[in-house]
**Student:** 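I'd like to ask some things about the structure below.
Keep in mind it's a predicted model, so treat the numbers as computed, not measured. Just the heavy atoms: all of them, side chains too, but no hydrogens, waters or symmetry mates, feed the values below. The sequence lines fix the lettering, A, B, ..., with proteins before strands; numbering per chain opens at 1.
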There are 2 protein chains.
Amino acid sequence: MPDDSEAPGKSDLARTVDLLWGIEAPRGTRGPRPGLSVEAITRAALEIADAEGIAALSMQKVAKLLGYTTMSIYNYVPGKEQLIELMLDAATPPPPVPAEGEDWRVSLERWAAATWELYRLHPWSLKVPTANPPLGPNQLAWFEAALAAIARSGLSGGDVMALGLYVLASVRGQAGLVLDLTGTRDATAPEFAEQMRRIVDSARFPVLHGITMAAPEQAYGTAAIQMDLDFGLRRLMDGVERYVERRVG
Amino acid sequence: MPDDSEAPGKSDLARTVDLLWGIEAPRGTRGPRPGLSVEAITRAALEIADAEGIAALSMQKVAKLLGYTTMSIYNYVPGKEQLIELMLDAATPPPPVPAEGEDWRVSLERWAAATWELYRLHPWSLKVPTANPPLGPNQLAWFEAALAAIARSGLSGGDVMALGLYVLASVRGQAGLVLDLTGTRDATAPEFAEQMRRIVDSARFPVLHGITMAAPEQAYGTAAIQMDLDFGLRRLMDGVERYVERRVG
DNA sequence: GTAGAACTCTGTATGGCGTACATTTATTGA
DNA sequence: TCAATAAATGTACGCCATACAGAGTTCTAC
């Protein structure tokens with residue numbers, strides 16, 4: 001692979017974007033045929049992260065899985081951080097396609113559920129040390145799908161973006177909270193509930209106490225929080241409708 | 001410090017909770033007076049993370065900052081993971097106190113703004129590799145404050161928790177997205193906008209294209225996203241009011 | 001008063017990590 | 001055929017978390 005600082009003044013961000021979009025400096029014909037590829041490396045890394053978590057991902061493991069030495073990876077990917085950004089984009093499938101004439105609320109709910117599922121499949125993606133916002137083609141397409149649904153609600157430009165970010169953020173946040181709870185290991189929820197009971201005294205945390213004592217396991221199970229997400233999203237969309245009605249009427 | 005596996009069957013989670021709440025096995029009187037403390041160690045670690053980010057936090061740096069050897073830290077804290085959980089709780093101040101008779105919406109908005117500010121002050125806290133949900137006294141008190149505000153909206157038990165988690169999640173999520181944008185370094189936003197312009201073509205991403213081309217810098221600035229958060233939260237609360245009215249009326 | 005238990009702290013060592021750099025090997029255009 | 005180019009390897013550095021052994025300090029039990 002040729003020198004990838006083709007335009008010497010190119011920023012890290014720009015180079016990352018090139019990589020994500022497969023914009024490569026044209027490679028010369030001399031030298032040995034490359035045995036690896038950015039795609040193969042990304043796939044291998046993804047496999048490791050999905051199976052063992054992001055903490056277990058190392059350049060050495062990726063290389064070993066592919067049958068090469070560690071340093072050969074660096075012929076294709078500038079470093080671990082960029083590899084992770086490639087992984088994030090590769091883990092994002094095409095977004096759900098709304099049916100013809102589907103209500104915007106249904107589309108958005110489906111989108112949120114699909115996003116949730118995505119984070120469930122790739123829990124590491126929430127804990128990833130990244131400095132850049134999502135700029136890969138798949139991640140952009142995913143977000144575009146949310147915006148397209150929201151645009152059908154009657155909101156205008158800036159508000160569409162605002163709501164899109166809000167919904168994305170809330171799903172991410174919920175997923176993060178739940179994954180903290182369930183972690184890789186399953187069934188920590190009961191133990192968590194037990195600790196809650198130990199700690200949450202009624203004087204200091206009256207509201208929390210009331211809810212926790214009533215039904216702790218239920219309040220903290222994965223299923224419960226999935227329902228919380230639906231509840232919040234529905235209230236949010238109710239509010240949007242009211243907002244649109246008021247602006248129009 | 002005495003053997004901390006006092007009750008041998010104690011789980012990791014239980015031991016972490018003990019640590020967070022300062023429940024220590026009573027320390028014997030023999031041996032040298034301890035020169036360090038859990039608090040001092042936590043404070044030092046917090047200082048490093050706030051200044052240099054979580055990636056720069058190492059046990060060696062904490063120890064050096066305190067003038068001790070690396071391993072002496074392990075007399076007070078079982079490992080790095082638990083230290084991070086201590087840091088998370090230590091970074092959480094007492095929550096804002098609502099004025100007498102304050103509207104629940106105002107309380108919740110204030111709470112959300114304060115939470116936002118908290119993440120702005122300690123950006124590392126969003127990227128932290130943690131397996132446990134927040135169980136420290138300060139983090140619980142913070143969340144209790146949100147629940148207390150929401151409880152005044154007229155929602156009932158389970159719905160209060162659902163909405164509390166939803167709002168917390170959305171603030172966390174928004175903060176995470178913004179911190180990806182601005183990072184530690186400031187003013188990546190314009191460069192980000194430039195890359196967006198390069199990539200977002202109108203055929204593939206029509207909605208995103210429309211918004212981005214209209215006012216890219218504005219759409220991605222920190223201030224803008226802060227306003228997005230307010231917008232989303234208001235729509236959410238509108239929806240809650242409608243929900244409560246319907247259930248009551 | 002003193003032996004030794006209990007405790008803190010240090011020193012050393014292990015195995016892992018990301019990646020810089022120099023070298024070897026394979027391929028091809030001149 | 002040979003210099004250029006690129007892929008792949010080997011070696012090395014400095015960092016990391018933490019296990020373990022031992023040194024030094026303080027108090028309890030006798």
**Student:** Looking only at the side chain of B/Tyr76 (C-beta and beyond, no hydrogens), which of the listed nucleotides D/dA17, C/dC9, D/dA19 gets closest?
**Tutor:** C/dC9
**Student:** By nearest nucleotide on DNA chain D, pick out whichever of B/Gly31 and A/Gly31 is the more 5' one.
**Tutor:** A/Gly31
**Student:** What are the two closest non-hydrogen atoms of A/Asp89 and A/Gln139, and how far apart are they?
**Tutor:** OD1-N, 3.0 Å
**Student:** Take the protein atom CZ of B/Arg30 and the nucleotide atom P of C/dG4, then report the distance between them rounded to whole Å.
**Tutor:** 13 Å
**Student:** Determine the contact category for A/Met59: base if any of its heavy atoms lies under 4.0 Å from a base atom, sugar-phosphate if only primed atoms, P, OP1 or OP2 are that close, otherwise nothing.
**Tutor:** sugar-phosphate
**Student:** Over how many whole Å does the gap from A/Leu57 atom CG to C/dG18 atom P extend?
**Tutor:** 7 Å
**Student:** How far apart are the closest heavy atoms of B/Ile48 and B/Ala56, and which atoms are they?
**Tutor:** CG2-O, 4.0 Å
**Student:** For B/Leu83 and D/dC16, what is the distance between atoms CG and P respectively, to the nearest whole Å?
**Tutor:** 14 Å
**Student:** Does B/Thr29 make a side-chain N or O approach to OP1 or OP2 of D/dC27 shorter than 4.0 Å?
**Tutor:** no
**Student:** Can you confirm whether the side chains of A/Tyr166 and B/Ser170 place a donor and an acceptor under 3.5 Å from each other?
**Tutor:** yes
**Student:** Got a donor-acceptor pair under 3.5 Å from the side chain of A/Gln60 to the base of C/dG16?
**Tutor:** no
**Student:** Just checking, is any N or O donor in the side chain of A/His209 or A/Asp201 under 3.5 Å from an acceptor N or O on the other one?
**Tutor:** no
**Student:** So B/Ser58, base contact, sugar-phosphate only, or nothing? Heavy-atom distance under 4.0 Å.
**Tutor:** sugar-phosphate
**Student:** In whole Å, what is the span from the CD atom of A/Gln82 to the P atom of C/dT19?
**Tutor:** 8 Å
**Student:** Toward the 5' end of DNA chain D, which comes first, A/Leu36 or B/Pro32, by nearest nucleotide?
**Tutor:** A/Leu36
**Student:** Can you tell me the distance, in whole Å, between the CD1 atom of A/Ile48 and the P atom of C/dG18?
**Tutor:** 10 Å
**Student:** Between atom CZ in A/Arg33 and atom C1' in D/dA6, what is the gap in whole Å?
**Tutor:** 11 Å
**Student:** Ignoring backbone atoms, establish whether A/Thr69 has a side-chain N or O less than 4.0 Å from OP1 or OP2 of D/dT9.
**Tutor:** yes
**Student:** Atom NZ of A/Lys64 and atom P of C/dC17: how far apart are they, to the nearest Å?
**Tutor:** 9 Å
**Student:** Any chance you could lay out the side chain to side chain contact (heavy atoms under 4.5 Å, CB included) test for B/Met161 and A/Leu208, step after step, and finish with the verdict?
**Tutor:** CA-CA 8 Å; B/Met161 177 64 99; A/Leu208 205 50; 4.1 Å; yes
**Student:** Taking atom P of C/dG15 as reference, at what distance in whole Å does atom NZ of A/Lys61 sit?
**Tutor:** 16 Å
